[in-house]
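Worksheet for the structure shown next.
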Number of protein chains: 4
Amino acid sequence: MARKRGERVRAILATAADLLGERGYAGVNLEDVAERLDVTKGSLYYYFASKDELVTAAIEALGAEWTDRLEALPAHGPPTERLRALLREHIRIAVREHPAALRLFLVPDEWPEPQRDRIKALRHRHDAVFRAVVEEGARTGEFAVVAVDPTLQVLHAGMSQAPLWVRTDREIEQLTETLLKLVAATA
Amino acid sequence: MARKRGERVRAILATAADLLGERGYAGVNLEDVAERLDVTKGSLYYYFASKDELVTAAIEALGAEWTDRLEALPAHGPPTERLRALLREHIRIAVREHPAALRLFLVPDEWPEPQRDRIKALRHRHDAVFRAVVEEGARTGEFAVVAVDPTLQVLHAGMSQAPLWVRTDREIEQLTETLLKLVAATA
Amino acid sequence: MARKRGERVRAILATAADLLGERGYAGVNLEDVAERLDVTKGSLYYYFASKDELVTAAIEALGAEWTDRLEALPAHGPPTERLRALLREHIRIAVREHPAALRLFLVPDEWPEPQRDRIKALRHRHDAVFRAVVEEGARTGEFAVVAVDPTLQVLHAGMSQAPLWVRTDREIEQLTETLLKLVAATA
Amino acid sequence: MARKRGERVRAILATAADLLGERGYAGVNLEDVAERLDVTKGSLYYYFASKDELVTAAIEALGAEWTDRLEALPAHGPPTERLRALLREHIRIAVREHPAALRLFLVPDEWPEPQRDRIKALRHRHDAVFRAVVEEGARTGEFAVVAVDPTLQVLHAGMSQAPLWVRTDREIEQLTETLLKLVAATA
DNA sequence: TATGAATGAGATTTCATTCAT
DNA sequence: AATGAATGAAATCTCATTCAT
């Protein structure tokens, strides 16, 4: 049954992504993935040909879902409001749902070559969402940035690391506002 | 001879730190460390009781040297200038000398418990250097920050991740100025 | 199949117990255990998490089987006859089946902490079988002992060491009768 | 200086004997021996050509000293008194001075071949002291034994294991009297 | 589909031994 | 006489992968 299979695969990917986030590529072993899913290692090999393939798929799924949600946010209104909404949502996902994922977007050279490229691609797509808003704001003069690239890098870095210290809603707000300063018009 | 021993230990730590940076904790194996030093694995165990101990020492040495250099920068002058100097120097070290080290300051839970605490302590000392300047600037009104903690977190995140995309001096400057916006007085 | 697994485990434990008896804890290596079973070292780790765990299980199994057999002996009749039967059976097992096992009942501090406690527990259960008879004999006046504890200690020591010098049935009988003198009523 | 050397050697042997007793042949490593003596491993090799040679010498020294002290006890008087004195002294040495040594006299096959033979020889000389008294007592009719060999074996086993449970002087007395029952004339 | 068993390569760790100083 | 450094062989342990059922 394709249905069943799809669910199974999704469950595996979600679990793998969690563990990957907790411990990084080399720190995760298939035994643990299997155990958390309450199946045996052997089963994983029915769905994925190798650890690398499983890992790549897990990253892909996580990244895709994440970007989907960011892209689903309203695409109109003043850039400041749109950027604020993006930041808030991104941080919220990072902190509440995938504390794991900071490893995916920071420290890419932790991963073996094949995964590295996929991660870069994902991050690129991810990046595009923010880039569009920042560039629009810069164009209209509502934002003042030193340069777009470093601004995006710092936005990302700041958001990705959030799971390490952000807990409360108030901290989410503070981080959001702090990051907004990166594009603020100066005195 | 204590001298000789010290040098040997330093050589081992430097090599370990390099590899650690290239591949992360789980990706490093003692065989490689030994080979790069042109000794046998057994020798490493003469100096360090375990892989973990070696790794901890390597991190410690790297972190200590780094903070020393930041603390050596002039401690007077307007906060903006001092913060600019700190950021520039930190990024320069990260990019030019220890691209490795982003692992030390980000992603602490990649490490086994014992290392985790040491890393946190190092990062804390490191942090204090920046915190002093930011707090002073906030007190004198030269800086305007949403809150000190998120500001420091973003500063760190932004700097630590620099090795991943910063190459030229011009990019170092742009990143420095971008980060300075986090404390800039707003219109 | 639980059945199959059980057999496999039993085979491993028996082999381990043999080697343990031949060479002691530190003298046994898993390579040898594996080779004797015609499997790879890795396989042993499928069943046991560590050398220590394997060894503990081997001891446990041996001790349990042994005590089972002693407890299966008739529990009625005059204490002298019952003690004689116990001694004879114990010595017979030690000499004919588990020359190994003197290590289990003597020299407990040869073992790492975790094993030590298990061994003590086993020995205690073992001890209880003999203690019951000796105490009954002492109560009814059929036995005369200096004190129960040292008597049991010497009974044990004498039996456990038997494999080192006892070979013939006649020697088994002589040892049995010699040990019975420990509880004999005196002139 | 021969004097100095002799003392050094004696110190090494004593330390080795202690550790050997605590942990058995395979459980002892030269690092530990050296550390307890506050010298380096290398030094041990100045005095002994190998671990085995050191171990053999340590056993030899311990056994010789021990037998010397037993042979120094008065060799006249009624066998019961002489045996009582021998037992008491042996147990006292075992419990108070060389709790270690039970490994030497029990479990000989823990040792590599060369040591094994030396240990047997030592034990044999040791045995002769007790054998003389038991045989005399048997000849004069003061003792009644099932047979001399098993009696000696049990005497030894009981005494050697004493360090494992005997602590107080009272326990030493009880063990001594319990062992004397092995040669007691029966009702 | 899924499992349990097994493997083999490679990683960490231990330790007797050697040797230049 | 003694040390510190280093080695290399062997031991313990880990884990991705395979496979019969």
Side-chain angles (χ1 to χ4, degrees), chain A residues 1 4-5 8-9 26-34 37-55, chain B residues 1-5 7-9 12 26-34 37-55, chain C residues 1-5 7-9 12 26-34 37-55, chain D residues 1 4-5 8-9 26-34 37-55:
Chain A
M1 227 135 286
K4 267 285 181 57
R5 182 182 180 85
R8 211 92 189 73
V9 166
V28 164
N29 64 349
L30 296 187
E31 185 63 49
D32 293 346
V33 176
L37 283 160
D38 212 37
V39 299
T40 60
K41 256 189 300 184
S43 295
L44 299 181
Y45 278 85
Y46 179 74
Y47 295 98
F48 300 94
S50 68
K51 179 185 179 182
D52 273 19
E53 207 169 275
L54 166 52
V55 164
Chain B
M1 233 132 277
R3 175 84 61 84
K4 268 283 176 58
R5 184 183 181 88
E7 274 165 39
R8 208 88 189 77
V9 167
I12 294 172
V28 166
N29 67 346
L30 296 187
E31 182 64 48
D32 294 347
V33 176
L37 284 161
D38 209 40
V39 297
T40 60
K41 270 177 295 178
S43 292
L44 299 181
Y45 280 87
Y46 178 70
Y47 294 97
F48 300 95
S50 69
K51 179 184 176 180
D52 274 17
E53 209 169 273
L54 166 54
V55 165
Chain C
M1 232 131 281
R3 174 85 61 81
K4 268 282 176 58
R5 183 185 180 86
E7 273 165 41
R8 208 86 190 76
V9 166
I12 294 172
V28 165
N29 65 346
L30 297 187
E31 181 64 48
D32 294 346
V33 176
L37 283 161
D38 208 39
V39 296
T40 59
K41 271 176 295 176
S43 292
L44 301 180
Y45 280 87
Y46 178 71
Y47 293 98
F48 299 95
S50 67
K51 178 183 176 180
D52 274 17
E53 209 169 273
L54 165 54
V55 164
Chain D
M1 228 136 285
K4 266 286 180 61
R5 180 181 180 88
R8 210 92 189 74
V9 167
V28 164
N29 64 351
L30 295 188
E31 185 64 48
D32 293 346
V33 175
L37 285 161
D38 211 38
V39 298
T40 61
K41 256 191 299 183
S43 295
L44 300 180
Y45 279 85
Y46 180 75
Y47 295 98
F48 300 95
S50 69
K51 179 184 178 181
D52 274 18
E53 206 169 276
L54 165 55
V55 165

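It should be emphasised that the depicted structure is a prediction, and the values quoted were computed from it without experimental measurement. Chain identifiers are assigned alphabetically (A, B, ...) following the order of the sequence lines, protein sequences preceding nucleic acid strands; residue numbering begins at 1 within each chain.
Residue A:Val55 is out of contact with every strand shown, counting any heavy-atom pair closer than 4.0 Å. Here A:Val33 lies out of heavy-atom contact (under 4.0 Å) with every strand. Nucleic acid contact for C:Val9: none, since no nucleic acid atom lies under 4.0 Å from a heavy atom of the residue.
For D:Tyr46, no side-chain nitrogen or oxygen approaches OP1 or OP2 of F:dA2 to under 4.0 Å. Distances shown here put a side-chain N or O of C:Arg5 below 4.0 Å from the OP1 or OP2 atom of E:dA5. Residue B:Arg8 has no polar side-chain atom (N or O) positioned under 4.0 Å from OP1 or OP2 of F:dG4.
In this structure, A:Asp32 atom CG and F:dA16 atom C1' are separated by 13 Å, rounded to whole Å. Note: OH (C:Tyr47) to C1' (F:dT14) measures 18 Å, nearest angstrom. The nearest whole Å value for the distance from the CG atom in D:Leu37 to the P atom in F:dA2 is 11 Å. In this entry the distance linking CD of C:Glu7 with P of E:dG4 reads 17 Å, nearest Å. Regarding C:Glu53, its CD atom lies at a distance of 14 Å from the C1' atom of F:dT12, rounded to whole Å. For the pair D:Lys51 NZ and F:dA9 P, the interatomic distance rounds to 19 Å; values are reported in whole Å. We find that CD of B:Glu31 is positioned 13 Å from C1' of F:dT7, with the value rounded to whole Å. Going from atom CG of C:Leu54 over to atom P of F:dC13 covers 10 Å, rounded to whole Å.
Among all heavy-atom pairs drawn from B:Leu30 and B:Leu44, the shortest one is O-CD1, 3.7 Å. Nearest heavy-atom pair, C:Val28 versus C:Lys51, reported as atom, atom and distance to 0.1 Å: O-NZ, 2.8 Å.
Of the two residues near DNA chain E, B:Val28 and C:Asp38, the one whose nearest nucleotide lies more 5' is C:Asp38. Summary of the strand contacts: D:Ser43 and B:Lys41 both lie near DNA chain F, and taking for each the nucleotide with the nearest heavy atom, the more 5' one is attributed to D:Ser43. The nearest heavy atom of DNA chain F to D:Leu44 and to C:Asn29 marks one nucleotide each, and the one closer to the 5' end goes with D:Leu44.
For the atom pair CD (A:Glu53) and OH (A:Tyr45), the distance works out to 10.5 Å, reported to the nearest 0.5 Å. Atom CG of B:Asp32 sits about 11.0 Å away from atom CG of B:Leu37, to the nearest 0.5 Å.
Looking at DNA chain F, the stems built from 3 or more consecutive Watson-Crick or G-U wobble pairs, each pair with its key distances under 3.5 Å, are E:2-21 with F:2-21.
Annotation: side chain of A:Tyr46 is in contact with side chain of A:Arg5 (closest heavy-atom distance under 4.5 Å).
Partners of C:Thr40 according to the side-chain contact (heavy atoms from CB on, under 4.5 Å) rule, which considers only residues two or more places apart in sequence or in another chain, are C:Ser43. In this structure B:Asn29 satisfies the side-chain hydrogen bond (donor to acceptor under 3.5 Å, both in side chains) test with no other residue, sequence neighbours excluded. Residues satisfying the salt bridge (charged side-chain N to carboxylate O under 4.0 Å, His left out) criterion with C:Glu31, sequence neighbours excluded, are C:Lys41. Under the side-chain contact (heavy atoms from CB on, under 4.5 Å) criterion, D:Phe48 pairs with D:Val9, D:Ile12, D:Leu13, D:Leu54, D:Ala57, not counting sequence neighbours.
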Pairs under 3.5 angstrom, nitrogen or oxygen only, protein versus nucleotides 19-21 of chain F, please.
none

